[in-house]
Amino acid sequence: MNRKEHWENIYTTKQPHEVSWTQEVPQTSLDLIRTFNLSKNASIIDVGGGDSKLVDHLINEGYTNLTVLDISAAALERSQNRLGEKAGLVTWIVADINEFEPQTKYDLWHDRAVFHFLTDKKEIQNYVEMVSAHTQNMVVATFSVNGPLKCSGLEITQYDQKKMEANFGRYFESIQTIELDHSTPFGTTQNFIFMSWTNRIPA
């Protein structure tokens, strides 16, 4: 089973309460996004957004230029069905992050738990170079060194602040770092590190 098949299978066989990443309110992401004081028409992309409710909250806060990307078409269909008519306010992209070729520069790039699925050095470097060329500000969250070693049966790469800065620090200046425990729908905890960044080269 390849990567896309894996995630399509997850989103067609499991409900939100059966997967660890579900959040009713993605509070930490929202808090970090707000610190950038972006205009309501700022271009914001949520990579690996799946059926996350981040987009719901951003719409409710009045943001009008939103994009959600995920490798799974089934995941995005779930979000579209949940949002109903509001789904038309969002650009939806089905793509593997390793093959994504942005057609614009984003004011904010949000990634909660995509980056840590990259375990190949070339894929990691390609990701870093892509975001450096296509976003001004960024929020990235990964499993920390105190978090799980796997997610959804897949190996991940753990990070701490030093390791994140080793990857992104050449292009981005780190602003804020938050380490926290995410409570899963089934009562376990996963330790994450969230970091916000701004590009060293202004748009």
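The figures here come from the full heavy-atom set of this structure, side chains too, leaving out hydrogens, waters and symmetry mates.
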Could you tell me which non-hydrogen atom of [X] sits nearest to which non-hydrogen atom of [Y], and how far apart they are?
X	Y	answer
Leu76	Ile93	CD1-O, 3.3 Å
Phe194	Ser29	CE2-OG, 3.5 Å
Ser72	Ala75	OG-N, 3.0 Å
His134	Thr104	CD2-O, 3.4 Å
Glu155	Lys150	OE2-CE, 3.0 Å
Asp70	Gly49	OD2-N, 3.6 Å

Problem set entry | Pair Asn41-Ser39, side-chain donor/acceptor within less than 3.5 Å |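 Yes, Ser39 and Asn41 have a side-chain donor paired with an acceptor closer than 3.5 Å.
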
Cluster overlap [X] with [Y], hydrophobic side-chain contacts below 4.5 Å:
X	Y	answer
Ile97	Met138	yes
Ile124	Val131	yes
Val140	Leu108	no
Leu180	Leu54	yes
Trp92	Val114	no

Problem set entry | Pair Asp31 + Arg34, salt bridge at N-O below 4.0 Å |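 So Asp31 pairs with Arg34 through a salt bridge.
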
For this session: Determine, for Arg82 against Asp51, whether the closest basic-nitrogen to carboxylate-oxygen distance falls under 4.0 angstrom.
Result: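 Here Arg82 does not pair with Asp51 in a salt bridge, since their nearest N and O are not under 4.0 Å apart.
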
To the nearest 0.5 Å, tell me how far [X] [atom1] sits from [Y] [atom2].
X	Y	atom1	atom2	answer
His110	Leu66	NE2	CG	12.0 Å
His6	Ile10	NE2	CD1	4.5 Å
Thr142	Asn167	OG1	CG	10.0 Å
Gln80	Glu77	CD	CD	7.0 Å
Thr189	Asn146	OG1	CG	10.5 Å
Lys121	Asn126	NZ	CG	14.0 Å

So, the side chain of [X] versus the backbone of [Y]: is there a donor-acceptor pair under 3.5 Å, distance only?
X	Y	result
Lys53	Gln23	no
Asp107	Ser43	yes
Thr198	Glu173	no
Thr12	Glu8	yes
Thr64	Lys40	yes
Arg78	Tyr11	yes
Gln158	Ile156	no
Ser144	Ile193	no
Asp56	Leu83	no
Asp111	Ala113	yes

For this session: Apply side chain to side chain contact (heavy atoms under 4.5 Å, CB included) to Phe172 and Thr135, showing your working.
Result: CA-CA 10 Å; Phe172 291 88; Thr135 190; 3.8 Å; yes

Between [X] and [Y], is any pair of side-chain heavy atoms under 4.5 Å apart?
X	Y	result
Glu61	Ile33	no
Asp46	Ser52	yes
Asn60	Lys86	yes
Tyr106	Val47	no
Ile44	Leu38	yes
Lys4	Asp96	no
Leu118	Asn98	yes

Exercise. Under 30°, 30 to 60°, or over 60°: which ring-plane class applies to His116 and Phe192, parallel, tilted or perpendicular?
Worked result: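 Ring orientation of His116 relative to Phe192: tilted.
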
Exercise. Which class fits the ring pair Phe168 and Tyr127: parallel under 30°, tilted 30 to 60°, perpendicular over 60°?
Worked result: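 Plane angle over 60°, so perpendicular.
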
Problem set entry | Sub-6.0 Å ring centroid separation between Phe117 and Trp7 |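 Under 6.0 Å, so yes.
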
Exercise. Quick one: are the ring centres of Tyr159 and Phe143 less than 6.0 Å apart?
Worked result: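 Centroid distance Tyr159-Phe143: not below 6.0 Å, so no.
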
Problem set entry | Sole residue of Lys163, Glu165, Met164 in side chain to side chain contact (heavy atoms under 4.5 Å, CB included) with Gln161 |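 Of all the options given, the one that passes is Glu165.
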
Problem set entry | Partner of Met195 by side chain to side chain contact (heavy atoms under 4.5 Å, CB included), out of Ile175, Ile178, Thr177 |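 Result: among Ile175, Ile178, Thr177, Thr177 is the only option passing the side chain to side chain contact (heavy atoms under 4.5 Å, CB included) with Met195.
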
